[in-house]
Amino acid sequence: MTHSEFVAAYKAGSLQAYVPPERAASFLTTRMWLPLIRLPILGSGLALALIGWYIVGLLVFLCGMFLPRMVKKNAVAILMYQALQDEESYHDFLAAGVLQLPEE
């Protein structure tokens with residue numbers, strides 16, 4: 001199925017594409033390098049709290065804790081949006097097995 005056929009069928013409601021949530025979260029975590037982004041944010045928050053900027057440090061630390069969780073929770077919606085908007089992402093998701101289409 002081509003990307004344009006996929007988009008037309010999905011918007012018409014005649015296609016039931018499936019994205020497994022656990023696979024989507026894992027794929028998006030790897031693709032966005034969330035662990036490598038999360039650790040410096042947590043460290044920055046801790047450093048700010050240690051130098052006396054308690055509230056700002058706490059807010060930065062909490063952002064480092066909860067933003068990756070929110071990305072993982074919304075991974076299916078994020079990946080479906082990307083698949084509908086970008087043809088290259090659509091083919092990447094199919095090749096990785098993240099986006100599963102019904103057999104024709």
- Message: With clusters defined by side-chain heavy atoms of hydrophobic residues (ILVMFWY) lying less than 4.5 Å apart, directly or transitively, does F27 cluster with L101?
- Response: yes
- Message: Could you check whether atom CD1 of I51 has more than 12 heavy atoms from other residues, nucleotides or ligands sitting under 6.0 Å from it?
- Response: yes
- Query: Taking T29 for the side chain and A25 for the main chain, is one N or O donor matched with an acceptor at less than 3.5 Å?
  - Reply: yes
- Item | Separation between CG of L48 and CG of L59, rounded to the nearest 0.5 Å | 10.0 Å
- Message: For the OH atom of Y90 and the OG atom of S4, what is their distance to the nearest 0.5 Å?
- Response: 9.0 Å
- Query: What's the shortest heavy-atom distance between A24 and L79, and which atoms?
  - Reply: CB-CD1, 3.5 Å
- Under 3.5 Å, is there a donor-acceptor pair between the side chain of Q85 and the main chain of Q82? no
- Message: As an exercise, state the distance from CZ of F66 to CZ of F61, rounded to the nearest 0.5 Å.
- Response: 9.5 Å
- Item | Side-chain heavy-atom pair L15, M1 within 4.5 angstrom cut-off | yes
- Task: Grab the two heavy atoms, one from G64 and one from L42, that are nearest each other, plus how far apart they are.
- Result: C-CD2, 3.8 Å
- Message: Determine whether a donor-acceptor pair (N or O, by modelled atom type, separation under 3.5 Å) exists between the side chain of D86 and the backbone of S89.
- Response: yes
- Query: When clusters are formed by joining ILVMFWY residues with side-chain heavy atoms under 4.5 Å apart, either directly or through shared neighbours, do V60 and L34 land in the same one?
  - Reply: no
- Query: Distance-only, no hydrogens or angles: does the R38 side chain make a donor-acceptor pair with backbone N or O of P68 under 3.5 Å?
  - Reply: no
- Message: Tell me whether L28 shares a hydrophobic cluster with I41, the cluster being built from Ile, Leu, Val, Met, Phe, Trp, Tyr side chains joined at under 4.5 Å.
- Response: no
- Message: If I take atom CG from residue L58 and atom CG from residue L46, how far apart are they, to the nearest 0.5 angstrom?
- Response: 11.0 Å
- Message: Can you tell me how far apart NZ (K11) and CG (L84) are? Round to the nearest 0.5 Å.
- Response: 6.5 Å
- Item | CZ-OG distance between R31 and S26, expressed to the nearest 0.5 angstrom | 13.0 Å
- Task: Considering non-hydrogen atoms only, spot the tightest contact between I37 and M32 and give its length.
- Result: CD1-O, 3.3 Å
- Task: Provide the closest heavy-atom pair for V98 versus R23 in the form atom of the first, atom of the second, distance.
- Result: CA-CD, 3.9 Å
- Message: For a 4.5 angstrom cut-off between non-hydrogen side-chain atoms, does Q16 reach Q100?
- Response: no
- Message: Are F6 and L99 packed together at the side-chain level, in the sense that at least one heavy-atom pair is separated by less than 4.5 angstrom?
- Response: yes
